[in-house]
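Each ligand, and each atom within it, is numbered from 1 in the order the structure gives. Everything quoted here is computed from the prediction, not taken from an experiment.
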Amino acid sequence: MSALRNEAANGRRPLGIMAALPQELGSLIEVMRAESGVHTVTHGGRDYHVGTAYGAPCVVTLARIGKVAAAATVSALIHAFDVEAVVFTGVAGGVGHDVRIGAVVVADSLMQHDLDASPLFPRFEVPLLGIARFAADSALAAQLAAAAGRFIAEEGAALVQRFAIETPQLHRGLIISGDQFVASAAAVATLRAALPDALAVEMEGAAIAQVCHEYGVPCAIVRTVSDTADAHAPASFTTFLTELAGTYSNGILTRFLQARG
Ligand code: ADE
């Protein structure tokens, strides 16, 4: 392990924490800056911020949007920083019938809804890997869900009063990823018909889960529902991103990291 990594992690392997956009990450980098100071390293056009948050050594970075961006970023976390595990936080479109704006979804499994090498390989299956659904690490996902549950219990009522959302619910299950922003009722109906148990759709999670699977690195994904992937999605996404995404990520990550300490 390099001097840099040793210094930041104090002998412990760090946790990789990712989001696509800065609003989805919240104030984690500022927390690290105040707690330990931050050392920033740039690889492949992305900044990796090394420090400690709530006593936990972390490398925090922004992937930007899409599966390729996410895969490239998580590869660097694994290779250059030897992360022990990866956690991704951000927003998603709700596609499950009872998944509403403001809900939190913690992935049990993830798949790429736009991957189709049929008839050579079954639809959705990653060719030559023979897997369509990638499991999140069950212990890490349980810790993330527990943190999300505590956040909702402690701050959910105040959020309902301040913003136009219903009482937030916590869901566990399938998150699907693809290189499309889904924004029509017809597209949601197509996704539901193909993958009836999908709870939420986004653009990075399954790519991270695949890379982590291939390297044997545990990963977990938490998503707050910013829209329901219909015609209102662009406006709802933009408002939620500006007003609430950071609040959810801060509330969930703070509790998650404090519990790891
Ligand atoms: N992330 C948030 N909302 C989304 C949507 N509707 N489609 C894809 N990714 C999203």
Side-chain angles (χ1 to χ4, degrees), residues 17-26 62-74 87-107 109-116 124 134 136 144 148 159 163-166 168-210 219-253:
I17 300 188
M18 310 170 64
L21 300 173
Q23 298 93 324
E24 296 178 283
L25 185 60
L62 295 171
R64 304 202 287 264
I65 294 175
K67 293 187 297 176
V68 172
T73 308
V74 74
V87 168
F88 190 100
T89 184
V91 298
V95 294
H97 285 284
D98 60 345
V99 178
R100 310 210 192 294
I101 293 172
V104 177
V105 181
V106 174
S109 60
L110 299 109
M111 62 190 295
Q112 298 178 47
H113 67 77
D114 58 352
L115 176 52
D116 187 357
F124 303 125
F134 293 88
L144 211 46
L159 294 176
F163 300 96
I165 57 168
E166 294 176 29
Q169 304 293 315
L170 174 62
H171 302 271
R172 299 277 308 264
L174 175 66
I175 291 180
I176 57 176
S177 311
D179 285 316
Q180 293 94 33
F181 185 83
V182 180
S184 76
V188 173
T190 303
L191 289 174
R192 281 181 181 157
L195 298 164
D197 59 333
L199 297 176
V201 63
E202 37 84 309
M203 302 179 69
E204 297 83 21
I208 291 161
Q210 180 182 332
C219 82
I221 315 280
V222 60
R223 293 285 188 170
T224 304
V225 176
S226 58
D227 61 87
T228 45
D230 54 13
H232 306 290
S236 183
F237 168 86
T238 305
T239 305
F240 199 96
L241 191 68
T242 311
E243 295 185 354
L244 269 164
T247 302
Y248 273 79
S249 285
N250 286 338
I252 295 167
L253 289 179

Heavy-atom closest pair (Asn250 atom, Leu25 atom, distance to 0.1 Å) is OD1-O, 4.0 Å
Closest approach of Ala92 to Ala200 (non-hydrogen atoms, all atoms of both residues) | CB-CB, 3.9 Å
Could you tell me the separation between the OG atom of Ser226 and the CD atom of Gln23, rounded to the nearest 0.5 Å?
-> 11.5 Å
OG1 on Thr89 to CZ on Arg223, rounded to 0.5 Å | 8.0 Å
What atoms of ligand 1 come closer than 4.0 angstrom to any heavy atom of Ser226?
-> 2 (C), 3 (N)
At under 4.0 Å between heavy atoms, what of Phe181 touches ligand 1? The answer is both
Near Ala229, which atoms of ligand 1 are under 4.0 Å from a heavy atom of that residue?
-> 6 (N)
For atom 10 (C) of ligand 1, what's the nearest protein heavy atom and its distance?
-> Val201 O, 3.6 Å
Identity and distance of the protein heavy atom lying nearest atom 3 (N) of ligand 1 = Asp227 OD2, 2.6 Å
Contacts table for residues 180-187: side-chain donor-acceptor under 3.5 angstrom, sequence neighbours left out:
from	atom 1	to	atom 2	distance (Å)
Ser184	OG	Ala187	N	2.9

Non-hydrogen atoms of Ala136 and Ala220 that approach each other most closely | CB-CA, 4.4 Å
Closest approach of any protein heavy atom to atom 8 (C) of ligand 1, naming residue and atom | Gln180 O, 3.4 Å
Does any N or O atom in Gly93 lie less than 3.5 angstrom from one in ligand 1, N or O only?
-> yes
Please could you name the atoms of ligand 1 that Val182 approaches to less than 4.0 Å, counting only its heavy atoms?
-> 5 (C), 6 (N), 7 (N), 8 (C)
Decide whether the shortest distance between a heavy atom of Arg223 and an atom of ligand 1 is less than 4.0 Å.
-> no
Residues Leu110 and Gly205: closest non-hydrogen pair is CD2-C, 3.6 Å
Measure the distance from atom 9 (N) of ligand 1 to every protein heavy atom, then report the residue, atom name and distance (to 0.1 Å) of the closest one.
-> Glu202 CA, 3.4 Å
Contact between Ala92 and ligand 1, counting heavy atoms under 4.0 Å?
-> yes
Interatomic distance, His113 atom NE2 to Leu191 atom CG [nearest 0.5 angstrom] = 5.5 Å
